[in-house]
Protein chains: 2
Amino acid sequence: MASVSTEPAPILEPARHGAAGSRIADELRQSILSGAYEPGARIRQEDLADLHGASRLPVREALRVLEGEGLVTVVANTGAWVSRLSLAECEEMYQIRERVEPLLLRYNVPLMSDDFIDELEALATQIELSADVEDFITLDRRFHLSMYGAAETNLLGDIVLRLWNRTHHYRRAFTRVFSRGNDQSVHYEHHLLVSAIRRRDLGEAERVLAGHIRRTRLELARHPEVFSHHP
Amino acid sequence: MASVSTEPAPILEPARHGAAGSRIADELRQSILSGAYEPGARIRQEDLADLHGASRLPVREALRVLEGEGLVTVVANTGAWVSRLSLAECEEMYQIRERVEPLLLRYNVPLMSDDFIDELEALATQIELSADVEDFITLDRRFHLSMYGAAETNLLGDIVLRLWNRTHHYRRAFTRVFSRGNDQSVHYEHHLLVSAIRRRDLGEAERVLAGHIRRTRLELARHPEVFSHHP
DNA sequence: CCCTCGTCTATTGGATACATTGTTGCGCAC
DNA sequence: GTGCGCAACAATGTATCCAATAGACGAGGG
């Protein structure tokens with residue numbers, strides 16, 4: 001914003017003072033999740049600064065934030081890279097999710113309105129119809145994470161969101177190689193999950209969700225090629 | 001380090017270039033955990049900078065790191081405070097631990113040597129003999145966290161460590177009000193846990209640990225006065 | 001021909017200086 | 001006496017400048 005001389009309307013400037021670090025962190029997070037940066041990609045501070053029209057200082061803060069979220073790996077005096085996961089680490093993430101997301105679901109189900117559950121059902125159907133891999137992972141992410149938005153405390157929600165973000169790239173890569181199988185299990189599980197939620201059957205909802213994550217983890221383990229590094 | 005003119009031996013200087021942010025983060029984290037800062041205490045950037053003989057820049061990085069860990073709450077253009085937990089949030093943390101720590105234990109038990117298990121047993125006995133609250137929480141923390149140091153991937157270990165850190169202050173406060181009860185359950189559970197580990201009985205070890213955390217959570221809920229804010 | 005050491009440059013780390021924001025306390029009006 | 005508003009201050013956010021480090025490249029020797 002500083003380099004551009006023709007900046008007539010500061011009114012439409014949503015970026016207020018004191019938000020540069022957070023804003024850059026948000027945008028870089030989105031870029032990483034969108035796949036614009038591959039795991040292992042180098043992140044240069046000055047590039048980011050120029051890109052966002054800021055100095056390197058808020059960029060460094062943003063990198064620290066994303067480092068804390070596990071999305072970026074920073075080495076002192078050397079540089080920053082998009083974090084990379086091994087198959088073992090990714091499986092560990094899924095095992096954590098398997099234990100933790102059912103708990104988060106338990107917190108949220110009592111707070112869901114019937115209308116909201118209808119929306120979930122519609123989303124599950126929409127996922128079935130998704131043609132493209134990018135559509136699928138976007139809708140699938142929305143389906144699951146929207147279930148977790150009702151709780152009044154968001155500590156667990158934040159932890160789960162970070163787990164999703166750290167594995168997002170591998171979910172995309174895995175979906176790409178797996179989608180040819182034309183396996184309908186995912187969709188069945190989604191509908192079973194909505195059904196259990198509608199009946200407010202917490203135990204069953206927990207079981208279905210845990211099984212859903214577990215099955216994904218086992219499928220993932222059958223495709224280690226997703227994790228082959230090509231430096 | 002820069003202001004002191006009489007610095008004859010640069011050999012004993014462990015603080016190298018590029019480590020100020022991490023160093024300050026580590027020291028501030030220790031200060032918060034030690035109880036030197038109460039939850040809700042204001043953290044002024046300039047004070048920290050002077051205290052560590054650095055400028056505000058690495059201090060800001062440190063604050064971002066600790067914010068990511070949940071230990072510090074930063075409000076833009078306003079300031080930073082030591083994070084505060086409500087009873088509901090603390091219970092949520094314990095519920096997460098209840099589900100996640102047994103998994104981490106499962107990862108670690110097969111990697112423990114018999115000698116190490118002897119050390120755990122000795123630690124459990126030492127905890128029984130601890131006189132003072134500060135001793136107890138230090139030894140108890142070491143007892144539990146040392147169990148988690150063997151795993152080759154440390155993703156889950158980091159998450160658990162953060163959960164411990166975020167609740168550390170309340171564990172201290174709670175122990176202070178609870179220690180008068182003279183309840184031996186904690187120690188029985190510790191010894192049962194070591195016993196299950198020694199037999200390499202993963203299922204039983206998981207159950208005992210989950211029960212241990214669960215019981216602590218329920219006790220905690222009976223002492224809401226620990227969370228009363230006194231501003 | 002290859003290995004090693006030295007230099008050099010690109011990039012990051014840190015400090016100082018300045019702009020902006022939030023807050024607090026005082027004064028004035030009602 | 002109370003409530004609103006303005007102003008001065010204090011603390012944070014940002015930019016620019018300088019220092020230190022690590023990787024790369026090339027020259028020299030084995």
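In what follows, every chain begins at residue 1, and chains take the letters A, B, ... in the order their sequences are listed.
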B:R42 CZ - C:dG22 P separation (whole Å): 13 Å
Interatomic distance where CG belongs to B:D47 and C1' belongs to D:dT12 [whole Å]: 13 Å
Atom-pair distance (CG on B:L57; P on C:dC18), nearest Å: 17 Å
For nucleotides 22-25 of chain D, list the nitrogen or oxygen atoms of the protein found under 3.5 Å from its nitrogen or oxygen atoms, one pair per line.
from   : atom 1 : to    : atom 2 : distance (Å)
D:dA22 : OP1    : B:R16 : NH2    : 3.2

B:R42 atom CZ, neighbour heavy-atom count above 12 within 6.0 Å: yes
Sugar-phosphate, base or nothing in reach of B:A54, heavy atoms under 4.0 Å: sugar-phosphate
Nucleotide D:dG13, atom C1' - distance to CZ of A:R23 in whole Å: 13 Å
Pair B:F174 + B:F178: ring centers closer than 6.0 Å: yes
Sugar-phosphate only, base, or nothing, as touched by A:I43 at under 4.0 Å among non-hydrogen atoms: sugar-phosphate
Results of salt bridge (Lys or Arg N to Asp or Glu O under 4.0 Å) for B:R29 - residues two or more places apart only: B:D26, B:E69
N/O donor-acceptor pair, side chain A:R56 with base C:dG14, under 3.5 angstrom: no
Sole residue of A:H144, A:R97, A:E98 in side chain to side chain donor-acceptor pair (under 3.5 Å) with A:H212: A:H144
Residue B:E46, side-chain atoms from C-beta onward, closest of D:dT12, C:dT12, C:dA15: D:dT12
side-chain hydrogen bond (donor to acceptor under 3.5 Å, both in side chains) contacts in which one or both residues fall within residues 148-158 of chain A, not counting sequence neighbours: A:E101-A:Y148, A:T153-B:E92
For A:D47, salt bridge (Lys or Arg N to Asp or Glu O under 4.0 Å) partners two or more places apart: A:R44
Between CG on residue B:L51 and OG on residue B:S31, distance to nearest 0.5 Å: 7.5 Å
For A:M147 against A:M112, the heavy-atom pair lying closest together: O-CE, 3.5 Å
DNA chain D contacts among residues 63-75 of chain B, heavy-atom distance under 4.0 Å: none
Any B:R60 side-chain nitrogen or oxygen under 4.0 Å from OP1 or OP2 of D:dG13: yes
Candidates C:dG13, D:dT14, C:dA15 - which lies nearest the side chain of A:Q45: C:dG13
Value in whole Å for how far the P atom of C:dT23 lies from CZ of B:R44: 15 Å
Set of residues satisfying salt bridge (Lys or Arg N to Asp or Glu O under 4.0 Å) with respect to B:D132, sequence neighbours excluded: none
